[in-house]
Amino acid sequence: MVLGWRRRRVAHHAGKKQPDVELVVPNHFRCPISLELMKDPVTLSSGITYDRESIETWLEAGNFTCPATNQILRNFDQIPNHTLRKMIQDWCVEKQNFGVERIPTPRIPVSPVEISEILFSVAASARRLDQYRCLELVQTIEKWGGESERNRRCIVANGAAAVLAAAFDAFANDSVERNATVLEEILCALNWMFPFDVETQISLGTQASLRCMVWFLRCKDLSPKQNSIVALKELVSCGQHIVEKLSDIEGVIEILVEFIRKQICPVITKASLTIIFHLISFPCSSEKIKLTFVKTGLVSLLLEILVDSDKSMCEKALGAFDGLCGCKEGREEAQSNALTVPVLVKKILRVSDLATEYSISALLKLCKYGGRDEGRVLVEALQVGAFQKLLLVLQVGCGDEAKEKATVLMKLLNPYRAGLECIDSVDFKNLKRSF
């Protein structure tokens, strides 16, 4: 069989090009599953050798047979085939002139027993508040996780997230400033253990843990900011009680808005938008929270993001904008911005069903509860083609809630349509076409 490696060899001494040469890989060097050159060959009880990553994927999918022979496996032991691996490495060195790189010697996968032992030590060091010993252990866990995806899955499956979260809570309760190094390292490790289980949510959802993560958001270094904001994003998605606790922490709203304003990192910006969306949208969100967001200038920032953003950011920004339109001050701020109506109309049927629903909902709030500017908003919406887009929403099919709101909004717009007949038809068509 021939592998897809091809190298154009050049005869430098003659200055002539030689024809393409196909590199033939020995069949017994290939994994029977992936048909690729094996990097970490292991042998099953059936006597057949596979690449470790491929056979682990096969077994984790719930298969109990040998892929090549279809025999039921007596056990799932994977014995490293060192002889074959050395032969493959020697072959790679021999064929390096063809552009083949030598495969590295694989590390021995971490065992569940080793993971259990180190997690027990982490818990013990956290109880003693021994930050130096705990830091050393957490770094070992991160090292294991960085060696292979298989190690990460095994670490998570053995409950590492809950143990690390409990240690985080213990050190946060003691002193954030004194234990900042170990706390930062734990957050870094937890960032590849999503989604959090219930026990982890409880430990990280305490007031001390949340305050610690907000403290990291104020740091100058990017890494702790990013690890904290991503962990907070995961937590607020888990339950309303955590959203309520987070909203009570002083200064968190201003920090999140500042992240949106500066956009220092795409990961931080998206995570901040998600947290803001949950803070504004959860059922018990107070008018005070929304008013604070409005005063920080979030309305105009969201509109700037909506002008040019990807799908995920657009949905969250529209959701937050719709939430802010739920209060009087938010509607007034939105109505005073020239971008509001054109942007909202433009996003209808342009991003996703969810974004369409948020756009219609925000428009309806501005038109129905807009006060003295209600008529102006309705006319402006008609001028940029809102009525035609709402008709399309009813025709092409969106969610029931979006259709219901679209129907109500069309009834509000309909009386103003006759008043637009005096508008120059050419200009009106050009205006609609641009949106």
Side-chain angles (χ1 to χ4, degrees), residues 217-218 222 225-226 229-230 232-233 236 247 251-281 285 289-367 369-370 373 376-377 379-381 383-386 389 431-435:
L217 296 182
R218 297 187 174 97
L222 182 64
K225 285 180 189 287
Q226 185 167 311
I229 199 75
V230 172
L232 286 171
K233 181 196 75 170
V236 297
S247 64
V252 68
I253 291 177
E254 289 76 10
I255 292 172
L256 294 171
V257 174
E258 192 66 16
F259 285 160
I260 300 297
R261 180 176 286 109
K262 292 184 176 180
Q263 297 191 33
I264 57 177
C265 167
V267 173
I268 292 177
T269 303
K270 288 184 179 182
S272 300
L273 272 176
T274 302
I275 296 171
I276 290 172
F277 169 76
H278 284 283
L279 286 172
I280 293 174
S281 304
S285 179
I289 293 176
K290 295 178 182 178
L291 181 59
T292 305
F293 275 118
V294 172
K295 288 181 177 179
T296 58
L298 182 60
V299 172
S300 59
L301 289 175
L302 292 175
L303 287 169
E304 290 172 11
I305 289 175
L306 288 170
V307 170
D308 184 22
S309 61
D310 58 31
K311 177 181 175 181
S312 60
M313 284 186 69
C314 196
E315 286 180 346
K316 293 296 185 294
L318 282 169
F321 190 88
D322 179 43
L324 291 177
C325 288
C327 69
K328 179 183 176 183
E329 293 79 7
R331 289 192 296 273
E332 290 175 351
E333 187 72 19
Q335 289 166 349
S336 66
N337 195 308
L339 286 174
T340 300
V341 176
V343 167
L344 290 178
V345 173
K346 184 176 182 179
K347 295 303 175 181
I348 296 175
L349 297 177
R350 288 284 293 270
V351 182
S352 65
D353 287 352
L354 184 59
T356 295
E357 183 177 327
Y358 286 141
S359 299
I360 295 174
S361 177
L363 278 172
L364 180 59
K365 290 172 183 176
L366 293 173
C367 293
Y369 309 107
D373 289 332
R376 181 184 62 79
V377 174
V379 171
E380 187 177 356
Q383 289 175 337
V384 293
K389 280 209 167 184
L431 189 60
K432 289 195 294 181
R433 191 179 300 115
S434 65
F435 292 96

Under 4.5 Å between any side-chain heavy atoms of Ile229 and Lys225, yes or no?
no

Gap between atom CG of Leu339 and atom CG of Leu344 - 0.5 Å precision
10.0 Å

By side chain to side chain contact (heavy atoms under 4.5 Å, CB included), Glu304 pairs with (sequence neighbours left out) Leu301

Roughly how far apart are Met313 CE and Ile305 CD1, rounded to 0.5 Å?
4.5 Å

For residues 253-261, which side-chain donor-acceptor pairs fall under 3.5 Å, sequence neighbours excluded?
| from | atom 1 | to | atom 2 | distance (Å) |
| --- | --- | --- | --- | --- |
| Glu258 | OE1 | Arg261 | NH1 | 3.0 |
| Arg261 | NH2 | Thr296 | O | 2.8 |

Between Cys327 and Val294 the two heavy atoms that sit nearest each other are SG-CG2, 4.2 Å

Side chain to side chain donor-acceptor pair (under 3.5 Å) against Glu380, all qualifying residues, sequence neighbours excluded
Arg376

Contact summary for Phe293 and Ile276, nearest pair of heavy atoms
CE2-CG1, 3.9 Å

Do Thr274 and Leu232 have side-chain heavy atoms sitting under 4.5 Å apart?
no

CG of Leu273 to NZ of Lys233: how many Å apart, nearest 0.5 Å?
11.0 Å

So do the side chains of Leu302 and Leu324 get within less than 4.5 Å of each other, counting heavy atoms only?
yes

So how far is it from Ser359 OG to Arg350 CZ, rounded to the nearest 0.5 Å?
11.0 Å

Is there a side-chain contact between Ser247 and Val252 (heavy atoms, below 4.5 Å)?
no

May I ask you to decide if Ala334's main-chain N or O and Thr340's side chain share a donor-acceptor pair within less than 3.5 Å?
yes

Anything under 3.5 Å between a donor and an acceptor, one on a side chain of residues 316-323, the other on a protein residue two or more places apart or in another chain? List them.
| from | atom 1 | to | atom 2 | distance (Å) |
| --- | --- | --- | --- | --- |
| Asp322 | OD1 | Ser361 | OG | 2.8 |
| Asp322 | OD1 | Ala362 | N | 3.3 |
| Asp322 | OD1 | Lys365 | NZ | 3.1 |
| Asp322 | OD2 | Ser361 | OG | 3.2 |

Can you list everything that forms a side chain to side chain contact (heavy atoms under 4.5 Å, CB included) with Lys295? Sequence neighbours excluded, please.
Leu291

Looking at Lys346, is its backbone amide N or carbonyl O close enough to the side chain of Lys389 to form a donor-acceptor pair, meaning the two atoms are under 3.5 Å apart?
yes

Going by the rule side chain to side chain contact (heavy atoms under 4.5 Å, CB included), which residues pair with Ser352 if we only count those two or more places apart in sequence or in a different chain?
Lys311, Glu315, Leu354, Ala355

Lys347 side chain to Leu306 main-chain N or O, any donor-acceptor pair under 3.5 Å?
yes

Separation between CG of Leu349 and OG1 of Thr356, rounded to the nearest 0.5 Å
4.5 Å

Any side-chain to backbone donor/acceptor pair from Arg331 onto Cys325? Under 3.5 Å, distance only.
yes

Do Leu279 and Val236 come within less than 4.5 Å of each other through their side chains, counting heavy atoms only?
no

Just wondering, do Cys265 and Thr269 contact through their side chains at under 4.5 Å, heavy atoms?
no

Sequence neighbours excluded, which residues qualify as side chain to side chain donor-acceptor pair (under 3.5 Å) partners of Ser312?
Asp310

